[in-house]
Amino acid sequence: MPLHQSVHSLVQPLLPDKFLGAAIELTAYLKDAFGNKTRIDYGTELMRRLQLTYRMEPAGSQGVWGLDDFQFLPFIWGSAQLIGHTSLEPQHFICEKNVEEHHNKYMFLGCIRFINQMKRGPFAEHSNTLWGISSVKTWEKVNSGLMKMYKAEVLSKFPVIQHFVFGTLMCIKEGEKFKKPL
């Protein structure tokens with residue numbers, strides 16, 4: 001059975017009882033992660049391959065002044081993964097040796113490695129925002145800053161959130177910008 005037909009039955013058994021009602025929302029998000037034929041959206045699972053093969057940059061990209069448009073959440077999750085790390089500090093991710101040594105274990109460094117593969121020249125020039133983040137002292141502060149940036153640059157933009165499935169996990173009310181998930 002194709003994924004788009006079986007995804008609900010795959011998601012529902014993974015949820016605790018209090019989140020069973022959210023299976024419909026999560027099903028929609030999982031399906032769209034592989035693309036959406038109506039919007040001609042290739043999905044986040046495919047973006048790195050397309051960028052590598054065709055040297056693509058997303059339309060409306062902020063280029064050097066923003067994070068990689070297709071990969072924002074992995075930076076947030078990756079910085080959360082590094083909170084409390086005893087030897088890797090934010091300043092270390094601009095060193096290619098550190099990135100190559102740890103990219104398989106830490107999502108944030110995997111994202112940096114991808115950027116290093118895609119772009120040429122000094123990191124401070126081709127990824128200025130990330131280079132600025134490298135001066136932040138702790139991963140906690142990096143993570144909270146990225147969350148604020150995500151809310152401002154993604155969640156508050158109608159062209160982005162118009163495709164979200166709102167419900168119990170993520171809800172929005174008239175007059176509110178965004179309510180945090182449970």
Side-chain angles (χ1 to χ4, degrees), residues 14 26 29-30 32-36 41-161 163-164 169-170 177-182:
L14 301 173
L26 294 172
Y29 284 122
L30 183 57
D32 277 357
F34 292 94
N36 183 302
D41 177 347
Y42 300 105
T44 54
E45 304 291 337
L46 183 60
M47 286 294 56
R48 283 189 178 181
R49 177 66 53 106
L50 289 173
Q51 283 179 299
L52 281 170
T53 302
Y54 300 105
R55 307 298 286 174
M56 294 172 68
E57 187 165 312
S61 172
Q62 295 179 32
V64 70
W65 303 108
L67 293 177
D68 181 350
D69 298 46
F70 295 122
Q71 305 298 326
F72 209 123
L73 286 175
F75 283 103
I76 292 172
W77 297 331
S79 61
Q81 181 186 24
L82 287 162
I83 290 174
H85 197 285
T86 56
S87 60
L88 283 175
E89 299 174 0
Q91 66 181 338
H92 295 136
F93 77 76
I94 57 174
C95 173
E96 276 195 65
K97 180 180 178 261
N98 289 327
V99 171
E100 286 304 315
E101 187 176 333
H102 300 288
H103 75 275
N104 284 326
K105 189 172 181 185
Y106 299 105
M107 189 181 297
F108 192 97
L109 299 180
C111 293
I112 298 296
R113 182 174 189 256
F114 181 73
I115 289 171
N116 289 341
Q117 291 174 328
M118 291 294 297
K119 298 182 179 183
R120 302 286 175 249
F123 193 86
E125 290 179 18
H126 65 63
S127 298
N128 190 266
T129 300
L130 284 166
W131 182 74
I133 289 171
S134 72
S135 67
V136 176
K137 296 294 181 203
T138 67
W139 288 111
E140 292 93 346
K141 288 186 179 187
V142 168
N143 185 260
S144 69
L146 288 172
M147 289 292 289
K148 288 175 187 171
M149 187 186 300
Y150 187 70
K151 286 176 185 175
E153 298 299 321
V154 178
L155 296 178
S156 69
K157 306 290 186 195
F158 179 75
V160 176
I161 66 162
H163 303 295
F164 280 23
L169 293 177
M170 218 172 10
K177 286 190 176 185
F178 183 73
K179 182 181 173 189
K180 285 185 178 180
L182 298 171

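These figures come from a predicted structure and were not determined experimentally. Residue numbers run from 1 in the order of the sequence given.
- Sorted by first then second residue, the salt bridge (Lys or Arg N to Asp or Glu O under 4.0 Å) pairs that include residues 81-91, not counting sequence neighbours, number zero.
- Atom CG of L82 sits about 11.5 Å away from atom OG1 of T138, to the nearest 0.5 Å.
- By the side chain to side chain contact (heavy atoms under 4.5 Å, CB included) test, S144 is found to be paired with no residue, residues two or more places apart in sequence or in another chain being considered.
- When all heavy atoms of I76 and N143 are compared, the closest pair comes out as O-ND2, 2.8 Å.
- Taking the side chain to side chain contact (heavy atoms under 4.5 Å, CB included) definition, one finds that W131 meets it with I94, F123, A124, N128, S134, sequence neighbours left out.
- The two atoms that bring S79 and L146 nearest to each other are OG-CD1, 3.8 Å, heavy atoms only.
- Here E96 pairs with N116 under the side chain to side chain contact (heavy atoms under 4.5 Å, CB included) rule; sequence neighbours left out.
- The distance from atom CG of L109 to atom SG of C95, rounded to the nearest 0.5 Å, is 10.5 Å.
- For the pair N98 and H92, the tightest heavy-atom approach, listed with the atom from each and the gap, is ND2-O, 3.1 Å.
- Other residues, nucleotides and ligands contribute more than 12 heavy atoms inside 6.0 Å of the CE atom of M118.
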Trace of the side chain to side chain contact (heavy atoms under 4.5 Å, CB included) decision for F75 with L130: CA-CA 10 Å; F75 283 103; L130 284 166; 3.7 Å; yes
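- E101 pairs by the side chain to side chain contact (heavy atoms under 4.5 Å, CB included) definition with K97, not counting sequence neighbours.
- Legend: residues meeting ring pair (Phe, Tyr, Trp, His ring centres under 6.0 Å) with Y150, ordered by chain and number and at least two apart, are F72.
- The line from CD1 of I112 to NE2 of H102 is 14.0 Å long, rounded to the nearest 0.5 Å.
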Side chain to side chain contact (heavy atoms under 4.5 Å, CB included) between F108 and W139, intermediate numbers included: CA-CA 11 Å; F108 192 97; W139 288 111; 3.9 Å; yes
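- One finds the CZ atom of R113 at 3.5 Å from the NE2 atom of H103 (value rounded to the nearest 0.5 Å).
- For the atom pair CE of M147 and CG of L73, the computed distance is 8.5 Å after rounding to the nearest 0.5 Å.
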